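Reading through the structure tokens given below for one structure.
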Amino acid sequence: MASNAGSSAITVLYPGSFGPFHLGHLDVIEQSVELFGNVVVGVMHNPSKPSGMFSLDERVEMIRISAAHLGPVEVVTFAGLAVNAARDASAAFIVKGLRTGGDFEVEQQMAHTNYAVSGVRTVYLPCKPALVSISSRFIREIAQYGGDVSALVPAPVAAQLSRVHPPRTAN
């Protein structure tokens, strides 16, 4: 598939809490770069989710390093609503990744609400089948107990997680 990054690129916003950033998230960014060209990853605080293991600045840095090979990806923090972040980033669309039908139910309601209040449309990108079971919540839990999450997250994130929660050694 040809990349849109070199021609008339469109800027999209990929918002999330990314606590922590994982390979499913990276897949959505890769697809977004290929389809649209310019991606603004909006690292946001979601008050309905745990604040995560890492500060906003730490999450931004891990995402920047993990996505550095993709070129036109900007990683920034935003406070408030995703539609306001999309406007501030001059994004034509909000991009959301989908793993399951349950994700679709939640994201569709949010997309309709966002469109009603701002006119910004949401584009859904399904993640690769091999990545559908990855979730930040499971990664946090596995890491908390010293489990190996290196197959679920980019190397920079795995390194940070093992620093915060060192792997357990066999007795």
Side-chain angles (χ1 to χ4, degrees), residues 1-6 9-46 48-79 82 85 89 91 93-100 102-103 107 123-171:
M1 216 181 262
S3 171
N4 189 26
I10 296 169
T11 299
V12 296
L13 173 72
Y14 178 35
S17 54
F18 306 109
F21 186 73
H22 56 67
L23 294 177
H25 295 135
L26 186 59
D27 179 51
V28 172
I29 294 171
E30 289 169 344
Q31 290 184 61
S32 297
V33 168
E34 183 177 341
L35 292 169
F36 300 107
N38 296 323
V39 179
V40 176
V41 179
V43 181
M44 306 180 79
H45 172 68
N46 182 342
S48 68
K49 290 185 177 181
S51 61
M53 304 175 150
F54 303 108
S55 71
L56 286 174
D57 290 340
E58 289 171 317
R59 285 182 263 165
V60 165
E61 188 59 23
M62 284 185 279
I63 297 167
R64 277 189 184 137
I65 294 167
S66 298
H69 66 286
L70 297 173
V73 176
E74 181 182 5
V75 185
V76 295
T77 60
F78 284 108
F93 304 102
I94 293 172
V95 171
K96 300 296 292 232
L98 295 178
R99 296 171 298 175
T100 66
D103 285 352
E107 295 298 343
V123 175
Y124 306 120
L125 296 175
C127 69
K128 293 177 185 167
L131 304 175
V132 298
S133 64
I134 299 176
S135 81
S136 294
R137 184 182 67 137
F138 294 150
I139 291 167
R140 284 192 306 271
E141 187 173 327
I142 294 165
Q144 180 180 3
Y145 290 101
D148 181 11
V149 296
S150 60
L152 307 174
V153 298
V157 178
Q160 284 288 76
L161 284 168
S162 66
R163 181 185 58 76
V164 173
H165 295 289
R168 294 198 179 197
T169 57
N171 292 343

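Please read all numbers here as calculations on a predicted model, not as lab measurements. For the numbers below, each heavy atom of this structure counts, side chains included, while hydrogens, waters and symmetry mates do not.
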Residues Val149, Phe138; criterion side-chain contact (heavy atoms from CB on, under 4.5 Å); working and verdict
CA-CA 9 Å; Val149 296; Phe138 294 150; over 6 Å; no
So, Asp148 and Ser150: side-chain donor and acceptor under 3.5 Å apart, yes or no?
yes
Are more than 12 heavy atoms from other residues, nucleotides or ligands located less than 6.0 Å from atom CD of Glu141?
no
Do [X] and [Y] touch side chain to side chain, with heavy atoms closer than 4.5 Å?
X	Y	value
Val12	Ile94	no
Val132	Cys127	yes
Glu58	Val60	no
Val41	Ile29	yes

Closest heavy-atom pair and its distance - [X], [Y]:
X	Y	answer
Ala158	Val153	N-CG2, 3.5 Å
Val39	Tyr14	CG1-CB, 4.3 Å
Leu35	Leu125	CD1-CD2, 3.6 Å
Ile134	Arg99	O-NH1, 2.7 Å

How long is the straight-line distance from [atom2] of [Y] back to [atom1] of [X], given to the nearest 0.5 Å?
X	Y	atom1	atom2	answer
Met44	Arg59	CE	CZ	11.5 Å
Glu107	Lys96	CD	NZ	4.0 Å
Ile139	Leu161	CD1	CG	7.5 Å
Ile10	Phe93	CD1	CZ	5.5 Å
Ser135	His25	OG	NE2	9.0 Å
Met53	Ser136	CE	OG	10.0 Å

